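Every value quoted in this text rests on a predicted model; they were computed, and no experiment measured them.
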Amino acid sequence: MARRNDHTREQLVALTLNAVKQFLNENSHHELSLRKIAQMIGYVPSTLVNVFGNYNLLLLHVVAQTLDELAAEAKAVVSKCSDPSQALYELAYCYHDFAQQHPYRWQLIFEHNMNGEPLPEWQDARINHMTGMLEALLRQQAPTRSENEVLQASRVLWAGVHGITLLSVDDKFFAAEPIDGKELIENLLSNYLKNW
């Protein structure tokens, strides 16, 4: 068992989050516990509570890093597009591809629950950044639309892309032939944007 002074607080945070992310490469977060994480890094659970506050906040830090990675990938694909319409498609495909590449980490984003505790500001800012990227592209696409119309359209598109991605990651389309989630996303976006 490692002693508390074997690592600085920052090293312990990095060690813990890296161990959890490695675990989530192959396993669901449902198989994790504070005790299991502590064993994986050679510490006792109380040390992790001292560092993160509680198990919920530890997982929220993993969610935050996952959102940061998704945001960086999304920003990279959107910045390559000069056409806001094409950027919307690329953003949606990026979301789908990220979930396919990191299914257990992606699932943790949406299954994590604060159990009545308020969401920390640092996490709320990450969520606003992701939705803000979509809203900015919609504003460029339709500058005469009101803020409320842009907000509503962004949530409709995000909900649709998210639903397709969820079914795609879980392979729950229940069809005799394989269905490509990205084709469904293209269908959704082209039909919605044509009528919007």
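Hydrophobic cluster membership is shared by Leu119 and Leu59, with clusters built from Ile, Leu, Val, Met, Phe, Trp and Tyr side chains linked at under 4.5 angstrom. Cluster membership for Val63 and Leu34, using ILVMFWY side-chain heavy atoms within less than 4.5 angstrom, is shared. Each of Leu151 and Leu157 belongs to its own hydrophobic cluster when Ile, Leu, Val, Met, Phe, Trp and Tyr are linked at side-chain heavy-atom distances under 4.5 angstrom. Linking Ile, Leu, Val, Met, Phe, Trp and Tyr whenever their side-chain heavy atoms come within less than 4.5 Å leaves Val169 and Phe174 in two separate clusters.
His102 NE2 to Ile109 CD1: the interatomic distance, rounded to the nearest 0.5 Å, is 10.0 Å.
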Only pairs under 3.5 Å count here: list side-chain donor-acceptor contacts from residues 179-186, not counting sequence neighbours, and write none if there are none.
unit_1 : atom_1 : unit_2 : atom_2 : d
Asp180 : OD1    : Lys182 : N      : 2.9
Lys182 : NZ     : Asp97  : OD1    : 3.3
Lys182 : NZ     : Asp97  : OD2    : 3.1

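A salt bridge is absent between Arg139 and Glu149; no separation between the charged side-chain nitrogens and carboxylate oxygens falls under 4.0 Å. Between Lys21 and Glu69, at least one side-chain nitrogen of the basic residue sits less than 4.0 Å from a carboxylate oxygen of the acidic one, meeting the salt-bridge criterion.
With a 4.5 Å cut-off on side-chain heavy atoms, Glu90 and Lys80 do not count as touching. Residues Ser146 and Asn148 meet the side-chain proximity criterion, which asks for heavy atoms closer than 4.5 Å. Put simply, the side chain of Pro120 reaches to within 4.5 Å of the side chain of Leu60, judged on heavy atoms. The shortest distance between side-chain heavy atoms of Ile41 and His7 does not fall below 4.5 Å. Inter-residue side-chain proximity for Leu166 and Lys172 is flagged as unmet; no heavy-atom pair is nearer than 4.5 Å. Thr16 has its side chain out of reach of Val51: every pair of non-hydrogen atoms, C-beta onward, lies at least 4.5 Å apart.
Ring geometry, Trp106 versus Tyr95: the interplanar angle exceeds 60°, so the pair is classed perpendicular (tilted spans 30 to 60°). Ring geometry for Tyr192 against Trp196 counts as parallel: the plane angle stays under 30°, on a 0 to 90° scale with 60° as the upper cut.
Put simply, the side chain of His112 gets close to the backbone of Asn56: a donor and an acceptor are under 3.5 Å apart. In this structure, Thr165 contributes its side chain and Val161 its backbone to a donor-acceptor pair below 3.5 Å. For the pair Tyr55 (side chain) and Val49 (backbone), a donor-acceptor distance under 3.5 Å is absent. In terms of modelled atom types and a separation under 3.5 Å, the side chain of Ser28 and the main chain of Leu24 share no donor-acceptor contact.
Aromatic pair His61/Phe52: ring centres closer than 6.0 Å. Proximity of the aromatic rings of His162 and Trp158 is defined here by a centroid distance below 6.0 angstrom, and this criterion is met.
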Gln11 vs Asp6, side chain to side chain donor-acceptor pair (under 3.5 Å): CA-CA, chis, key distance, verdict: CA-CA 9 Å; Gln11 289 171 330; Asp6 285 352; over 6 Å; no
Worked check of side-chain contact (heavy atoms from CB on, under 4.5 Å) between Val20 and His29: CA-CA 9 Å; Val20 173; His29 70 279; over 6 Å; no
Stepwise side chain to side chain donor-acceptor pair (under 3.5 Å) test for Asn195 and Asn191: CA-CA 7 Å; Asn195 295 315; Asn191 284 305; 5.5 Å; no
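The minimum heavy-atom distance linking Arg126 with Ala64 is given by the pair NE-O, 3.4 Å.
Other residues, nucleotides and ligands contribute at most 12 non-hydrogen atoms within 6.0 Å of the CG atom of Asp171. The environment of CD in Glu26 is sparse: at most 12 heavy-atom neighbours from other residues, nucleotides or ligands sit within 6.0 Å. For Arg155, the CZ atom sits in a packed shell: over 12 heavy atoms of surrounding residues, nucleotides or ligands are nearer than 6.0 Å.
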